Each structure stands twice: as C-alpha cells, then as structure tokens.
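The next block holds one structure in the form of structure tokens; read it before the comments.
Lettering of chains follows the sequences in order, A, B, ..., and the numbering in each one begins at 1. Bear in mind the structure is a predicted one, so any value in this text is a computation, not a measurement.
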Amino acid sequence: MRIVYASELPRYQYIVRGTDGIQEVFDRLEHGALGVDTETTGFDWTVDRVGALCLAAGDTSAFFVKNALGRAAKWLANQIKRRRRLVFHNGKFDMHMIRETFGIHIAYPVHDTLVMSRLLDNRGVPKERFPFWSFNHELDTLANFYVHMDASDAHTELIDAIRDVVGRRKNQLADWLVAPVRVQGKYGGRDPWYTLRLYDMFISMIQHWPQPDGYPKLMELYHNERWLMLALRDMEERGVKLDQEFLHRWLAKAKRRTDKLTDKMNRRAGYDLNWNSNPQIRELFWEELELEQVDGEKLNKKVLLRLDHPLATLLLQRRKHSKMVSSGRALLTNLDSRGHLHSHYNQNVDTGRMSATKGFHQFARDSGVRKAVVPSKKGLVLRSADYSQVEMRFAAHFSGEETLINGFNNDPKFDTHAALAKRMFGLRRKREPSHGQRDRGKTMNFAMLYGAGEDAVTSQLIDKISAEEARQSCIELGHIPSRSESPFRSLAKLLRDAVRSSYPRMWSFTKEEEELTKVFGYVVDAYGYHRWLDENEAYKAMNSKVQGSAAHKAKEGMVNVYRELQMGTGQIAIIMQVHDDIVYEGDGDPEIDRRVIALLEDRKNFSVPITADLKGSDKNWQDKESITLPKKRRLA
DNA sequence: AGAGGATGCGCC
DNA sequence: AAAGGGCGCATCCTCT
C-alpha cells in the first residue's frame, strides 16, 4: 500500500459537462497560475480539434467537455485578455489547438513544463517501470517522478478504459475522447494540476540553478525559450508556400529517372530484384557476382564507391533518386489546402539545437527541390540569413586560440581552413597553402569540432584522397612513409599532432571541458544551457559546447527578430530555420534587411564577432543570391 | 498487422 | 580503451 499525501492530488476535482454551476468552478480557478491542457481528436493541429479543456489552479482541477466546452473556452479567452499566467506541458501544441478550435490567440509568453524539464535535464526522468534505461519528459513520467508515484497508474487505467472502447489495435492516444467522460475527467483533469505542481518546482530549480562564473543565468535562457515558443508557433502556423505545379513536375522527373535506373540494373543483374532491399543486393553482390567484401557486409556509399562495379555505381544513383521520389511525395501529402507546408519544430533536443519534422531539413541540397519554395504573396521576397562559421567562431572564443581570434576579428573573409593549413604545414605568413593542404586543413577543422579520433580521420582521408596524395602530405609534414605502412593512417597521426601543436589552446580547452564534464556531469554552453553527458561521453563536451552555443545564438537571434519585427503587421516573418540558416519573407526593403541582420548578429559579447550573411531571391529559395546592403549613410 | 531494430542517407 | 558531433525519414525485415 502506498501513502498518497493530500498535496499530491487536487483538493477539488470537477467534471463539467453542462453549464449548470459552471460559474462556481470558474470562481475556484480564479487565482494564481492557470494550468492548461487540451484533449484533442488527434495530434495534427491542421485537421484535429479540441474535445475537452482541462484547467487547474490552486487546489482545484476541472475537466470541461461537451456543453461546458464553449463556456470554458470563453472564460479562458477572458483570462488571456487579462494576461493571466498560463502553464502548459508542450504548450506550442495546445496553443495551435486552442487557436484552431476557438480562435484564441496568445500573444505573450507562457510557461511550459516540457521546456523547463529539458532545460533542467536533457535526459529526462526515469519511467517508473523501467527506471534504468527508459527516460523521457512526458507529463505522466514527470508527475510520477516528481509529484507522486501513482500518476502513471492513473494514466494506465485511462488507457485501459480507452482500449475497452476501441480495442487494442491502433495508437489509442489519438482516440482519447472515446473513453467514458467519467474516466477522462478523473485522470485527464489531473494533468494541468500536475503541470502546476511541476511548474512550482521547476521554476525554483531554474531560479537557483548554479551557473559557472561568466555564464548567463538559467532563467535568462528559459526566458528566451518562452519567446521562442511563440516565434516557432507563428512560424509553423504561417507555413511555407510551395509551388505545387513545379513540385509535381520535379517529382515526375525524379520518378522517371529512378524507373530508368531500375530497368537498367535489372537487365544488368539478369533478373528483377528490389533495389531497396539490402539483403537482396547482398545476395547478388557477395554470392552471385562474388564481389570483394570491403567492410563486412555493409552496403553504404563508401563501400559501394570502393567496389567500383557498374551495378554499385548505378545503385548509388538510384538510391539518390528514389530518395528524392519518396521524400518529394511526402512533401506533397503534407501540404494544406492552400499549398502551404507546416513543419513542426522540436524546440529542445539534446544539444540545444532544434530539429524539424515535415520539412526540408534533410532534403538533398542539389536536388533542386528548394525551387519549390516560393514567396507566399505577390510583392514579398525570400531572404535567408546564414550565420557564418558560427561553430568555429565559438570554438575560437572559448579556446582563445590567437590565430582564430585575430583572423575573425581582422579579416572579414577569414579562411579558417587555409589558416589551419598554413600553421600545420609551417607556411610563412605570405605563402598560401596548396589546394591539397587547404583540404587537409578543412578535414582537420571538422575533426577538431567533432572530436574525431585517429580512426575517424583515417577513414575520412581514405574517403577523400588517393594513397599518393596521402603520401605527398606525409612528406610535406616531414615523414616519409615506408612501403609497409598505410599512408592514410600515418597522415591521420601526423595531422592530429599538427593540429595539436598548431592550436595548443584549442587542444587544452578541449581537454579541460572533457575533465570538467566528468566532474560536473554536464557541459555548459555560452548561453547557459547545460547538457548532461555520461563519463564515457565526456569526449563530446567540446562539440556540445560549441554546437549548443551556435544553436542558442540562432534562437536568440530569432527571438530578437520576432519581438521587434513580427509582432506588428506580419509583413516580415520568419518562415524556416535550418540550424544556422534563418529564412524569412519580407517586402525587400533594405532597411528591414539591415535591421534583421543587426538583430541576428552579435558583435560585442564574444571575443570574435558572430555575423550573418544575407542572401535572397524574389523567385524561390534555390535561386538566391548574395545581397550586399548599401552602406548606411553616416552622420558627419 | 504493427512495433521496433537495422541500415542507409541527407542536412547543419 | 574507445568516439567524428547532432538530427529525421524511408525502407526492409524480424518478432510478436
């Protein structure tokens, strides 16, 4: 038997189906923060709608459904007009739903226990039944962990009740509203109450979270994330206009190419097979054609390239085109009736970066599909502001590596790859590195940021250059490889040593962060975000710090733009974000562009400037060109 | 049938 | 001692 303390459950709990006595319930919800949760017909806000509203405040929680729903929505709208403090769990979703169902728009930042939980611990909390390997940020998991241990059981009971109605086949969560109202209300009504309890705890934890000297308070970061939620919500709602006719033509072309390749490959193989199936390809390659196995049974790009067989070459092409077909199709099915694509942005993933679903994030850049993205209205133009070398700039800032600091500060066209190459290969000031040397510099810059070891660098080199080139580079670094040694591995070793002596501060900074991470359990980025890392993941610390800083800089920039330029007419609007690339629509006024860039950049808070480059087009996203803003006239 | 793992690929 | 970082998606395949 478990003891459930009084404070672990709401004192007053209502299920309200009609308007009788509803005012009494509202009265009880009048004070303090208001917890809000919606129960919906599904997860897609473009088609699904709210079926029940759950509200909580103080010692009361209430579940409004059926005839009470409209009245509750109206009451909520009133509270919002009064700028009542609202607390959600995954509020971006609920705000979409409330807007689409009731026409209620929320124009001020709300609180969100999902965002809070992720800021406090990106790993989440253990689920009760699988505490050792299953962690997440779901409301009932958090409630179970922080509030009381029966929270999950309550949900299980609810799910069971739903299953009694719809059977055990599909994803029942979407069918929430089919359960008897009595069951829905009993457990569903508790959700916003749990949310409030979590909010009370989290806000205090965020308030008191200790930050290292010189780093922003966690509350500042949370504040920015709250604004970001609004910016993302509006960006998702607006969506991205796609040229459907173009997309259909583009898709047909990709399909024709795929089919052609399929035919060709079948003829070549002598029989038809499914070229999407690796087991079938393995059988053909290893057993019938008896090709050499390069890397176990893998059939990835690298292996196929090294096989150097006509079918392997064709397979690579086919994979590319068939991927274009499937993801192009997905794009079309995701369009709304106006031809807009509404991506979904995941605000907090482990590094602090955002991820996106239903969008362009992973689309091949050279596929030409970006031509389908067009301005949503006549007279509007597309603009894209790209943070320039932002991760390398943060690496420079944190490490204090002088070559990088000076380069970024003094040379607007600073070439980091050439700079590293010059140092590694010991070139004098004025001597430019050869093409090959610069390429080694580029490889090692990425290796540095990603924490690549010797093996990774070796295979990267094998991938990119010939043995002769590798030999040549070794010699340039003062080592003549013998016949028996792999020039790639030797070069990897030499390059790593060269980086270490070229950028000693970068090296020691990387090691220091690794050690600190082992002590504290997490690494902190420039904006005060801490990412938890196990001891055996501590080697990721430097990468996390740099990637997280870049991500949070972009978020801060977006919020700056949103708060200043987007709250008015909406003529300017951010429509997409691809990590360090922020795409917006505008009227083409260069003064606006100048302001956007100024809001995105940061030229004073770090030891190197964080800058953004502007590109644009009035036609589509693909055909954008660099824009040089006219010099601002200076007052004499 | 549906869930989830494995594999592979693309973006930053 | 080991490890290029982060993500989402399509497809195939195995298990239940």
Side-chain angles (χ1 to χ4, degrees), chain A residues 122 167-172 258 273-282 295-304 315-331 333-334 343-367 369-370 386-392 394-395 443-461 463 492 495-496 499 510 513-514 523 525 531 533-551 554 576-582:
Chain A
N122 60 289
R168 292 181 175 270
R169 288 183 300 110
K170 289 185 84 183
N171 179 3
Q172 285 87 356
T258 312
L273 66 157
N274 179 356
W275 294 98
N276 289 324
S277 163
N278 285 331
Q280 290 184 36
I281 294 168
R282 274 191 198 107
D295 183 11
E297 290 221 310
K298 283 200 175 304
L299 282 171
N300 59 25
K301 207 179 200 170
K302 197 176 148 194
V303 169
L304 292 174
L315 179 57
L316 281 172
Q317 289 177 39
R318 190 187 173 281
R319 276 185 182 165
K320 195 168 171 176
H321 286 98
S322 85
K323 185 164 188 171
M324 279 162 68
V325 172
S326 53
S327 32
R329 270 193 196 131
L331 226 44
T333 64
N334 282 331
S343 294
H344 167 87
Y345 287 83
N346 191 356
Q347 185 169 349
N348 305 86
V349 291
D350 284 346
T351 51
R353 255 192 187 178
M354 292 193 277
S355 70
T357 60
K358 295 207 307 187
F360 284 90
H361 271 210
Q362 299 97 281
F363 234 112
R365 296 189 64 188
D366 61 0
S367 68
V369 75
R370 291 184 174 190
D386 201 273
Y387 282 105
S388 148
Q389 297 252 33
V390 57
E391 292 186 1
M392 189 59 77
F394 276 109
T443 301
M444 295 317 290
N445 268 332
F446 279 107
M448 194 166 82
L449 289 180
Y450 293 154
E454 201 178 289
D455 287 353
V457 175
T458 304
S459 59
Q460 179 71 230
L461 290 168
D463 231 21
L495 285 171
R496 273 170 61 80
V499 170
T510 304
E513 287 300 329
E514 194 174 332
V523 60
D525 79 17
R531 180 192 182 188
L533 290 167
D534 281 349
E535 213 162 302
N536 61 355
E537 297 175 304
Y539 74 95
K540 297 178 183 171
M542 187 269 218
N543 175 267
S544 290
K545 195 179 182 89
V546 165
Q547 195 183 118
S549 300
M576 272 194 280
Q577 194 264 20
V578 191
H579 304 304
D580 55 5
D581 195 1
I582 288 153

Rounded distance (Å) that lies between atom [atom2] of [N] and atom [atom1] of [X]:
| X | N | atom1 | atom2 | result |
| --- | --- | --- | --- | --- |
| D580(A) | dC11(B) | CG | P | 14 Å |
| L315(A) | dT11(C) | CG | C1' | 13 Å |
| M448(A) | dA3(C) | CE | P | 22 Å |
| R496(A) | dA3(C) | CZ | C1' | 10 Å |
| F363(A) | dG10(B) | CZ | P | 12 Å |
| N300(A) | dT11(C) | CG | C1' | 16 Å |
| M324(A) | dT11(C) | CE | P | 15 Å |
| Q460(A) | dG5(C) | CD | C1' | 13 Å |

Please confirm whether the shortest side-chain N or O distance from [X] to OP1 or OP2 of [N] is below 4.0 Å.
| X | N | value |
| --- | --- | --- |
| N536(A) | dA3(C) | no |
| R365(A) | dC12(B) | yes |
| K540(A) | dA3(C) | no |
| S355(A) | dG8(C) | yes |
| R319(A) | dC9(B) | yes |
| S322(A) | dT11(C) | no |

Go through [options] for me and flag the one nearest to the [X] side chain.
| X | options | result |
| --- | --- | --- |
| K320(A) | dG6(C), dG10(B), dG8(B) | dG10(B) |
| S326(A) | dG6(C), dG10(B), dA10(C) | dA10(C) |
| N346(A) | dG8(C), dC9(B), dG5(C) | dG8(C) |
| T351(A) | dG6(C), dC11(B), dG5(C) | dG6(C) |
| N276(A) | dC7(C), dC12(B), dT11(C) | dT11(C) |
| P279(A) | dG8(C), dC12(C), dT7(B) | dC12(C) |
| R370(A) | dG5(C), dC9(B), dC11(B) | dC11(B) |

Pairs involving residues 345-360 of chain A, ordered by first then second residue, that meet salt bridge (Lys or Arg N to Asp or Glu O under 4.0 Å) (sequence neighbours left out):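 Residue pairs passing salt bridge (Lys or Arg N to Asp or Glu O under 4.0 Å), neighbours aside: R353(A)-E391(A).
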Donor-acceptor pair (no angle test) under 3.5 Å: K301(A) side chain, dC9(B) base: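 Flag unset: no donor-acceptor pair detected.
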Presence of donor-acceptor pair under 3.5 Å, side chain of Q547(A) and base of dG6(C):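 Result: no qualifying N/O pair found.
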pi-stack flag for Y450(A) and dG5(C), centroid dist under 5.5 Å, interplanar under 30°: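 Base of dG5(C): stacked against Y450(A).
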Contact class for [X] vs. all strands (heavy atom < 4.0 Å): base, sugar-phosphate, or nothing?
| X | value |
| --- | --- |
| K323(A) | base |
| A356(A) | sugar-phosphate |
| T443(A) | base |
| D455(A) | sugar-phosphate |
| A550(A) | nothing |

CZ on R329(A) to CG on N334(A), rounded to 0.5 Å: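 Between atom CG of N334(A) and atom CZ of R329(A) there are 14.0 Å.
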Rounded distance (nearest 0.5 Å) linking atom OG1 of T510(A) with atom CE of M542(A):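 Going from OG1 on T510(A) over to CE on M542(A), the span is 4.0 Å.
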Modelled atom types, side-chain donor and acceptor of R319(A) and N276(A), under 3.5 Å: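 R319(A) vs N276(A): no donor-acceptor pair found between side chains.
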Side-chain H-bond candidate by donor/acceptor type, T351(A) with Q547(A), under 3.5 Å: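 Distance-only check passes for T351(A) and Q547(A).
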Lys/Arg-Asp/Glu bridge criterion (N-O < 4.0 Å) met for D366(A), K320(A):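 Between K320(A) and D366(A) there is a salt bridge, with a charged N closer than 4.0 Å to a carboxylate O.
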Pairwise 5' ranking along DNA chain C for D350(A) and N278(A), keeping only the more 5' one: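 Here D350(A) is the residue nearer the 5' end.
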